K.L.:
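Below you'll find the structure I mean.
Because the structure is a prediction, the values reported are computed rather than measured.
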Amino acid sequence: MAFYIRGRTIRTITKQQEAIARFAKEHSIPTEKTGLFLDHCDSYEVRPELIRLIKNADQFDVVVMYSYHSLHIHIDRYKLLENTLLLNGLEIFLIYH
């Protein structure tokens, strides 16, 4: 299982980290069986950790994100990135819809 976090501010990133930590605890997901990918950037900036996640997609089956905003703030761009993840064999689970 992979966790993807993206945010422009430390506050946004911390909020997502806390939600993901709660999710992992509630679902008894051991840390050693997960990968964390964190991009500290705006929605339109290059995201090296998302690229690394896609390149390593074969190591994971699901990507957990706080909300669709983690991929992109605009739903049409989110859908394009979602499709890229799906084509690489990753299911997407959003904690908050």
K.L.:
Of all the heavy-atom pairs spanning Leu94 and Ile92, show the shortest one and how long it is.
P.N.:
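Heavy atoms only, the tightest pair is CD2-CG2, 3.9 Å.
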K.L.:
Which distance, rounded to the nearest 0.5 Å, do you find between the OH of Tyr66 and the NZ of Lys15?
P.N.:
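Tyr66 OH to Lys15 NZ: 3.5 Å, rounded to 0.5 Å.
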K.L.:
Keeping Ser28 on the side-chain end and Ala24 on the backbone end, is there a donor-acceptor pair under 3.5 Å?
P.N.:
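It does not hold such a pair.
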K.L.:
So, taking the atom named CD in Gln16 and the one named CD in Glu18, what distance separates them when rounded to the nearest 0.5 Å?
P.N.:
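Separation between the atoms: 11.0 Å.
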K.L.:
Measure the CG-CG distance between Leu36 and Leu38 for me, rounded to the nearest 0.5 Å.
P.N.:
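Those atoms lie 6.0 Å apart.
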K.L.:
Membership question, hydrophobic clusters at under 4.5 Å side-chain separation (ILVMFWY): are Leu86 and Leu81 in the same one?
P.N.:
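In one cluster with Leu81: Leu86, no.
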K.L.:
Which donor-acceptor pairs under 3.5 Å do side chains of residues 1-10 form with protein atoms, sequence neighbours excluded?
P.N.:
{"residue": "Tyr4", "atom": "OH", "partner": "Asp39", "partner atom": "OD2", "Å": "2.7"}
{"residue": "Arg6", "atom": "NE", "partner": "Ser70", "partner atom": "O", "Å": "3.1"}
{"residue": "Arg6", "atom": "NH1", "partner": "Cys41", "partner atom": "O", "Å": "3.1"}
{"residue": "Arg6", "atom": "NH2", "partner": "His69", "partner atom": "O", "Å": "2.6"}
{"residue": "Thr9", "atom": "OG1", "partner": "Thr12", "partner atom": "N", "Å": "3.1"}
{"residue": "Thr9", "atom": "OG1", "partner": "Thr12", "partner atom": "OG1", "Å": "2.8"}

K.L.:
Under the side-chain contact (heavy atoms from CB on, under 4.5 Å) criterion, do Ile29 and Phe23 qualify, and how do the steps go?
P.N.:
CA-CA 8 Å; Ile29 300 168; Phe23 176 86; 3.7 Å; yes
K.L.:
Could you pull out all donor-acceptor pairs under 3.5 Å where a side-chain atom in residues 43-61 meets a protein atom, sequence neighbours excluded?
P.N.:
{"residue": "Ser43", "atom": "OG", "partner": "His72", "partner atom": "ND1", "Å": "3.4"}
{"residue": "Ser43", "atom": "OG", "partner": "Ile73", "partner atom": "N", "Å": "3.2"}
{"residue": "Tyr44", "atom": "OH", "partner": "His74", "partner atom": "NE2", "Å": "2.9"}
{"residue": "Glu45", "atom": "OE1", "partner": "Asp42", "partner atom": "N", "Å": "2.7"}
{"residue": "Arg47", "atom": "NH1", "partner": "Leu71", "partner atom": "O", "Å": "2.3"}
{"residue": "Arg47", "atom": "NH2", "partner": "Ser43", "partner atom": "O", "Å": "2.6"}
{"residue": "Arg47", "atom": "NH2", "partner": "Leu71", "partner atom": "O", "Å": "2.8"}
{"residue": "Glu49", "atom": "OE1", "partner": "Arg52", "partner atom": "NE", "Å": "3.2"}
{"residue": "Glu49", "atom": "OE1", "partner": "Arg52", "partner atom": "NH2", "Å": "2.7"}
{"residue": "Glu49", "atom": "OE2", "partner": "Arg52", "partner atom": "NE", "Å": "3.2"}
{"residue": "Asn56", "atom": "OD1", "partner": "Gln59", "partner atom": "NE2", "Å": "3.2"}
{"residue": "Asn56", "atom": "ND2", "partner": "Arg52", "partner atom": "O", "Å": "2.8"}

K.L.:
Is it the case that one hydrophobic cluster holds both Val63 and Leu80, taking links as side-chain heavy atoms less than 4.5 Å apart, direct or via other members?
P.N.:
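Hydrophobic grouping puts Val63 apart from Leu80.
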K.L.:
Just wondering, do Thr84 and Asn88 contact through their side chains at under 4.5 Å, heavy atoms?
P.N.:
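When only atoms from C-beta onward are counted, Thr84 and Asn88 do touch, with a gap below 4.5 Å.
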